[in-house]
Number of protein chains: 2
Amino acid sequence: MFRIGEFSRIARVSGRLLRYYDSIGLLSPQRVDPATGYRYYTADQLGRLNRVLALKELGLTLDQVARLLEETISVEEIRGMLTLRKAELERSLGEQAARLRHVESRLQQIDEQGRLADYDVVLKPVAAQSFLALRRTFAGMDEAVATLRELARETARQVPIDARGALVVVAHSDFEDEQLDLEIGFVLARSINRRIATTDGRALAIGELPAVDRMATLVRRGPDYQSHLAFGALGLWMDANDYAIAGPGREVFLELPFQRPDQHDTVMEIQFPVARAA
Amino acid sequence: MFRIGEFSRIARVSGRLLRYYDSIGLLSPQRVDPATGYRYYTADQLGRLNRVLALKELGLTLDQVARLLEETISVEEIRGMLTLRKAELERSLGEQAARLRHVESRLQQIDEQGRLADYDVVLKPVAAQSFLALRRTFAGMDEAVATLRELARETARQVPIDARGALVVVAHSDFEDEQLDLEIGFVLARSINRRIATTDGRALAIGELPAVDRMATLVRRGPDYQSHLAFGALGLWMDANDYAIAGPGREVFLELPFQRPDQHDTVMEIQFPVARAA
DNA sequence: CTCCGGTTTGACGCGGCGTCAAAGTCAAGC
DNA sequence: GCTTGACTTTGACGCCGCGTCAAACCGGAG
């Protein structure tokens, strides 16, 4: 019989750990002196302790270790738990590797630019949203901006404020195209009955912005003519982290533009659905 | 200006997180109404929040993120922190991969044996210890066991109990050799002056059991003739986890054998210094 | 009997929030 | 104006696996 100190030296663990394992019923001493509360361990129990430590080393929680050590558990259940753990480890290995790539790409950006990158790309899931919008092709940016401006004005006038969500532009065409296939509208917070139309008679149609579980997002502030910088940053990020565009991008206006005449800066969130590159 | 709920929806984070970041000074709202305590955020702050989230994604602690966002920090310091983080990630990646191999080997053992493996190998660092022992070659196991038995008896008689550590056998030869080159003795808890000798006149010499930072250990209970099972388990473990023997193995007796005539079982810890296989 | 070094229980701390709970605020509808 | 119901505030506890005190008690040697 060893007292806790000697046993902890033999096992090379702390006494605190032994007391903790006792308190959660994972490894109780063979005998506890009822008068003094002293814990007495036997050499045998080192085997059990080692089993606990070995299973813990696999990354299992102490709860899981306890279940694995119950005598009523079947081999299949043990296999199941370990298989589960294996899958989890594989997933987290992938995540760790991705993190490492992220760090490396930030370091590379610092070396190239002499400072921390200007834009930060964040990956988030986005839920589906009801979307009231107008889809058409535009001959150029100027035309698109004019329509955007008009729509911002009209919705502000015609749509109740509590139904009005953010103004969003969805780009269905690549940026290299001559013709811009855009969908311009705003998110509906609740359904409305009113018909909204532009001055040239086109009516906005209700559709849905589909949910995207891996949306690369980036916040940009500044005048329009600098927007290529933000897109460049997004491209770099996807390159460095092995992502590819997986759907039409969106521009979400957080501060409505054109609200005051002196307001040149707009704040928008640029969003792109992405997927792991092959 | 957005209130916390709207801002949290835009940023797709919880309100609790925003309040927490405010409380630790990581991201405070632009304005706080002094009368009501309501927090008001601007679109601009989404940029800062995204920077925080992006850096957190790299696995940095919020403390480190806060330091990275201080304006007084230099590019070199940022580079240093990220480089450090990179090294840490590489280390932990290796650990994760090792864990995965461990899980896979346990699964394989289950498939082969139909149950959880009998022995659990645990890796621990072992400190240097003062060692009073006799080293010689033995013609066979019987001779070695006889000496071990005699030494156990003699030390029990001649050495004060508070100086007596565990009985240890160090194997300097491989198990395949005809001649066994063994060192048999016990750990000294404190220095002693007494001379200890065996009946054939050989004196025990004081030496040192060197420290080993990666010792594979395993607890075995049972009669001597089954010890090959434990060694087999150790071999399997090293095989599966890419370790190789890196020094003489030890057998540490936790329950002194031969103490009572009816005692057949001994409990010992088998130890092997290991290193990553090439 | 006195030491000194064990040992006991108990509490707090860590990191990064999630999850209530109780109390106060806002805007819309009447 | 008053009532709702949705929102917001602060505060507290919980998680996981112990490390790290602190105060009180115990064991064996001299």
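By convention in this document, chain letters (A, B, ...) are assigned in the order of the sequence lines, proteins followed by strands, and residues within each chain are numbered from 1.
- A distance-only check finds a donor-acceptor pair linking the side chain of Lys124(B) to the backbone of Ala11(A) [under 3.5 Å].
- In this structure, Arg9(B) atom CZ and dT8(D) atom C1' are separated by 12 Å, rounded to whole Å.
- What separates CE of Met1(A) from P of dG6(C) is a distance of 20 Å, to the nearest Å.
- In this structure, CD1 of Ile4(B) is placed 15 Å from C1' of dG24(C), rounded to the nearest angstrom.
- Atom CG of Leu26(A) is separated from atom C1' of dG17(D) by 11 Å (rounded to the nearest Å).
- The closest donor-acceptor contact from the side chain of Ser28(A) to the backbone of Gly25(A) lies at 3.5 Å or more, if one exists at all.
- The side chain of Arg39(B) contributes an N or O atom lying less than 4.0 Å from OP1 or OP2 of dT9(D).
- A donor-acceptor contact under 3.5 Å is not formed by the side chain of Tyr38(A) with the base of dG27(D).
- One can find a donor-acceptor pair under 3.5 Å joining the base of dT20(D) and the side-chain atoms of Arg16(A).
- Nearest heavy-atom pair, Gln30(A) versus Gln45(A), reported as atom, atom and distance to 0.1 Å: N-OE1, 2.9 Å.
- Asp33(B) has its CG atom 15 Å from the C1' atom of dT10(D), to the nearest Å.
- When atom types are taken as modelled, the side chain of Ser130(B) and the backbone of Glu208(B) share no donor-acceptor pair closer than 3.5 angstrom.
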* To do: Output, in order, the C-alpha distance, side-chain angles, deciding distance and verdict of ring-ring contact (aromatic ring centres under 6.0 Å, His included) for Tyr243(A) and Trp237(A).
  => CA-CA 8 Å; Tyr243(A) 284 111; Trp237(A) 182 86; 5.1 Å; yes
Pick out the pairs of N or O atoms, protein on one side and nucleotides 13-16 of chain C on the other, that lie under 3.5 Å.
from    : atom 1 : to       : atom 2 : distance (Å)
dG16(C) : OP1    : Leu62(B) : N      : 3.3

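- Distance, Arg19(B) CZ to dA12(D) C1': 14 Å, rounded to whole Å.
- Listed here is the closest heavy atom pair of Arg48(B) and Leu26(B): NH2-O, 3.0 Å.
- Put simply, Ser14(B) has a side-chain N or O that comes within less than 4.0 Å of OP1 or OP2 on dG18(C).
- Leu18(B) places its CG atom 10 Å from the P atom of dT8(D), with the value rounded to the nearest Å.
- The shortest side-chain heavy-atom distance between Leu82(A) and Ile78(A) falls under the 4.5 Å cut-off.
- Dashed line: the shortest gap from a side-chain N or O of Arg3(A) to OP1 or OP2 of dT7(C) is under 4.0 Å.
- The nearest whole Å value for the distance from the CG atom in Asp22(A) to the C1' atom in dC18(D) is 14 Å.
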